[in-house]
Number of protein chains: 2
Amino acid sequence: MEKQTITIYDVAREANVSMATVSRVVNGNPNVKPATRKKVLEVIDRLDYRPNAVARGLASKKTTTVGVIIPDVSNIYFSSLARGIDDVATMYKYNIILANSDGNDEKEVNVLNNLLAKQVDGIIFMGHHITDSIRAEFSRSKTPVVLAGSIDPDKQVGSVNIDYHAASKEATAVLAENGHDKIAFISGALVDPINGQNRLTGYKKALKEAKITFTEGLVFETPYEYKAGEKLAERIINSGATAAYIVDDELAVGIMNGLQDKGVKVPEEFEIITSNNTVLTDMARPRLTSISQPLYDMGAVSMRLLTKLMNKEDVEEKTIVLPHNIVKRGSTK
Amino acid sequence: MEKQTITIYDVAREANVSMATVSRVVNGNPNVKPATRKKVLEVIDRLDYRPNAVARGLASKKTTTVGVIIPDVSNIYFSSLARGIDDVATMYKYNIILANSDGNDEKEVNVLNNLLAKQVDGIIFMGHHITDSIRAEFSRSKTPVVLAGSIDPDKQVGSVNIDYHAASKEATAVLAENGHDKIAFISGALVDPINGQNRLTGYKKALKEAKITFTEGLVFETPYEYKAGEKLAERIINSGATAAYIVDDELAVGIMNGLQDKGVKVPEEFEIITSNNTVLTDMARPRLTSISQPLYDMGAVSMRLLTKLMNKEDVEEKTIVLPHNIVKRGSTK
DNA sequence: CTGAAAGCGCTAACAT
DNA sequence: ATGTTAGCGCTTTCAG
């Protein structure tokens with residue numbers, strides 16, 4: 001015999017009240033006489049009743065779950081953001097449906113539609129760039145969206161970031177002040193606005209202020225992978241660079257190890273500044289100087305912003321820029 | 001005016017068929033005449049109809065979502081498992097609700113109940129140990145459960161692991177063969193059966209076979225954190241150990257760096273074998289020799305097993321042990 | 001403070 | 001091959 005699922009109706013019957021009343025006590029509605037509440041609670045406990053969130057979702061049109069689109073959870077940059085997101089979600093009684101997109105444009109759209117079909121109350125999107133098709137989907141639905149660590153030039157949806165332009169300008173300036181005039185800029189795809197626009201222009205600005213001529217040959221574009229960094233070392237040496245600003249920690253560790261494996265001394269002969277201040281910066285030897293991007297906080301703030309949006313509260317500004325700074329460690333002098 | 005959500009009923013009306021027929025084409029039921037299917041599909045497209053997964057879930061009692069309980073997504077060990085889980089979930093059209101538990105017993109139970117309330121079709125649990133209360137919850141519900149990288153001495157639910165006993169025995173044996181007789185065993189909480197039972201006994205077995213006397217003083221218990229490893233270095237040196245088998249990569253990097261910061265040469269004066277073969281083993285210098293635990297695959301296989309369980313297929317064996325081996329790198333001679 | 005009743009949008013027999 | 005009709009378990013007016 002199948003174990004009978006017990007419903008709000010069973011509780012109502014056993015407690016000699018209506019379903020409405022049971023619903024009220026389950027939802028903490030104050031309009032219930034304490035005595036009735038007590039009676040209902042007892043029955044709930046006795047019957048071991050568990051509200052069915054799906055039914056509730058259908059009736060109330062709220063699922064208390066939000067969709068999180070992430071390029072890759074196993075990447076520490078994104079998983080740090082995700083952790084901040086989930087902690088705040090939990091705090092506000094939301095669950096998150098996590099979906100990996102591999103940063104693949106088509107997959108992102110599929111995943112988004114899937115999430116929307118599941119009636120999520122909101123979406124947090126992480127990715128390297130916002131394609132036109134995904135932006136179209138965003139505006140097609142009325143579900144609130146927040147970008148975490150991702151730039152939307154159009155500012156149509158909420159977003160939480162640091163000032164990437166300023167941060168990379170500062171990082172580059174540190175290197176320039178240390179006397180370098182051949183500073184490499186090493187990033188992922190330059191078509192991603194965060195790299196090709198915000199960061200690269202920050203880098204150029206710093207060069208200009210230090211009266212250093214920009215050289216195309218010092219700009220490197222590569223996958224965000226440790227191995228890619230190791231391999232890139234040789235080309236960097238050949239470029240004549242004596243310092244580098246790198247946009248990703250895993251990449252930076254790869255480059256530094258690659259450099260050192262080839263006998264280049266860091267920081268004596270080559271200085272490095274990386275961008276994400278993840279735990280990797282502490283694990284490397286020498287430890288990596290880094291821009292500190294408050295990843296966990298960025299995730300947390302994104303989710304907090306989303307709760308406001310879902311609640312239809314007024315938000316003064318839905319493009320949030322968090323503070324950053326530079327943490328000096330052993331990879332710079 | 002609110003944007004009216006369009007339902008299966010609207011499609012039925014516009015296509016001059018019944019809801020049932022629309023439902024059939026949406027669900028790929030073959031019992032539909034091609035012509036009707038075409039007509040319905042056109043209307044669906046024209047109206048931009050999106051099936052509501054919540055309603056479907058309520059009616060069909062299947063949500064096509066599984067709950068994933070994870071101690072911490074930002075830990076690379078677990079996020080690697082999670083990635084494998086999600087990839088296979090996607091393959092089988094499931095979504096995952098990800099919930100961080102911090103390895104906290106009480107939170108695990110809360111989170112599990114929350115997931116169950118959301119009517120997930122199955123659960124994947126990751127954690128350092130299975131408490132009695134969580135095991136009680138598992139058996140209370142009829143929702144299938146699979147443990148990923150976690151041991152259940154009772155074997156009541158499915159699980160996917162490697163043979164931790166054999167693996168740590170082999171790792172310890174390598175160290176013994178290299179001439180060490182003071183080999184440290186460094187792990188997280190020994191109350192966790194995976195550490196205190198499987199791994200520790202494997203370690204002892206290897207010592208015994210190498211005719212080395214077991215010494216309590218060479219067993220270290222510490223949090224799974226980089227910093228904890230760095231700090232532990234001094235105590236390890238004082239213990240007289242000249243080699244160590246370590247159960248976690250982040251910890252291992254910390255210990256190795258701590259040792260080297262104090263002038264101990266690895267592997268010349270101290271050899272290390274770690275356990276998870278994550279990307280960290282490649283990032284460290286020297287690179288870390290490691291047991292290779294196929295994390296991504298373990299996640300993937302867990303999810304595959306869960307799909308079978310959810311489908312009520314017969315599974316020959318629900319305790320799956322995946323193969324492991326040892327990858328030699330620079331931290332051993 | 002409590003109850004009655006109408007859905008929420010879809011699936012799943014059961015008919016035809 | 002297609003339609004009819006009950007629900008799925010809960011929330012939410014609307015009455016009283």
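Each chain gets a letter, A, B and so on, in the order its sequence line appears, and its residues count up from 1.
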- Task: Represent DNA chain D in dot-bracket notation, 5' to 3'. Only Watson-Crick or G-U wobble pairs with both distances under 3.5 Å count; pseudoknot-style crossings use [ ] and interstrand partners use |.
- Result: ||||||||||||||||

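Panel note: side chain Ser80(A), backbone Ile76(A); a donor-acceptor pair is recorded below 3.5 Å.
At the phosphate of dG9(C), OP1 or OP2 sits under 4.0 Å from a side-chain N or O atom of Lys61(A). Not one side-chain nitrogen or oxygen of Tyr9(A) sits closer than 4.0 Å to the OP1 or OP2 atom of dG7(D). One finds no side-chain N or O of Ser23(B) lying less than 4.0 angstrom from the OP1 or OP2 phosphate oxygen of dC10(C).
Atom NE2 of His129(A) and atom CG of Asp105(A) lie 4.0 Å apart (nearest 0.5 Å). Taking CZ of Phe138(B) as the start and CG of Asp152(B) as the end, the distance is 8.5 Å to the nearest 0.5 Å.
Comparing dG9(C), dG3(D), dC10(C) by their closest approach to the side chain of Thr5(B) singles out dG9(C). When the nucleotides dC14(C), dT11(D), dG9(D) are ranked by their closest atom to the side chain of Leu58(A), dG9(D) comes out on top. Side chain of Arg56(B), nearest nucleotide from dG3(D), dT11(C), dC10(D): dT11(C). Here dT2(C) is the nucleotide among dT4(D), dT2(C), dC8(D) with the atom lying nearest to any side-chain atom of Thr21(A). Each of dA4(C), dT2(D), dT11(D) was ranked by its minimum atom distance to the side chain of Ser18(A); first place goes to dA4(C).
With sequence neighbours excluded, the residues that form a side chain to side chain contact (heavy atoms under 4.5 Å, CB included) with Ser302(A) are Ile124(A), Val146(A), Ala148(A), Val160(A).
If you measure from atom CD of Gln119(A) to atom C1' of dT11(D), you get 16 Å, rounded to the nearest angstrom. For the pair Ile8(A) CD1 and dT12(D) P, the interatomic distance rounds to 11 Å; values are reported in whole Å. Here the P atom of nucleotide dT11(C) and the CZ atom of Arg24(B) are 11 Å apart, to the nearest Å. With rounding to whole Å, Lys62(A) atom NZ is found 12 Å from dT11(D) atom C1'. Taking atom CE of Met19(A) as the reference point, atom C1' of dA6(C) lies 11 Å away to the nearest angstrom. Note: NZ (Lys118(A)) to P (dC10(C)) measures 15 Å, nearest angstrom. Rounding to whole angstrom units, CG of residue Asn52(B) and C1' of dG7(C) are separated by 14 Å.
Checked by distance alone, Arg50(B) brings no side-chain donor or acceptor within 3.5 Å of a matching partner on the base of dG9(C).
Annotation: proximity of residues 26-41 of chain B to DNA chain C (heavy atom, distance under 4.0 Å) is found for Asn27(B), numbered in ascending order.
Checked against a 6.0 Å centroid threshold, the rings of His128(A) and Phe78(A) count as neighbours.
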- Given the rule in the side chain to side chain donor-acceptor pair (under 3.5 Å) test, do Asn311(A) and Glu313(A) qualify, once you have shown the distances and angles that lead to the verdict? CA-CA 5 Å; Asn311(A) 244 356; Glu313(A) 294 174 29; 3.1 Å; yes

- For side chain to side chain donor-acceptor pair (under 3.5 Å), just list the numbers for Asp87(A) and Tyr296(A), CA-CA rounded to whole Å, side-chain angles, deciding distance to a tenth of an Å, and then say yes or no. CA-CA 9 Å; Asp87(A) 282 357; Tyr296(A) 177 91; 2.5 Å; yes

- side-chain contact (heavy atoms from CB on, under 4.5 Å) assessment of Ile97(A) paired with Val68(A): CA-CA 6 Å; Ile97(A) 297 187; Val68(A) 175; over 6 Å; no

- Message: What verdict does the side-chain contact (heavy atoms from CB on, under 4.5 Å) test give for Arg56(B) and Thr63(B), after you've listed the backbone C-alpha separation in whole Å, the side-chain angles of each residue and the deciding distance to 0.1 Å?
- Response: CA-CA 8 Å; Arg56(B) 175 183 295 178; Thr63(B) 54; over 6 Å; no

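Between Ala20(B) and Ala55(A), the residue anchored nearer the 5' end of DNA chain D, judged by the nucleotide with its closest heavy atom, is Ala20(B).
For the pair Ile69(A) and Ile123(A), the tightest heavy-atom approach, listed with the atom from each and the gap, is CD1-CG2, 4.4 Å.
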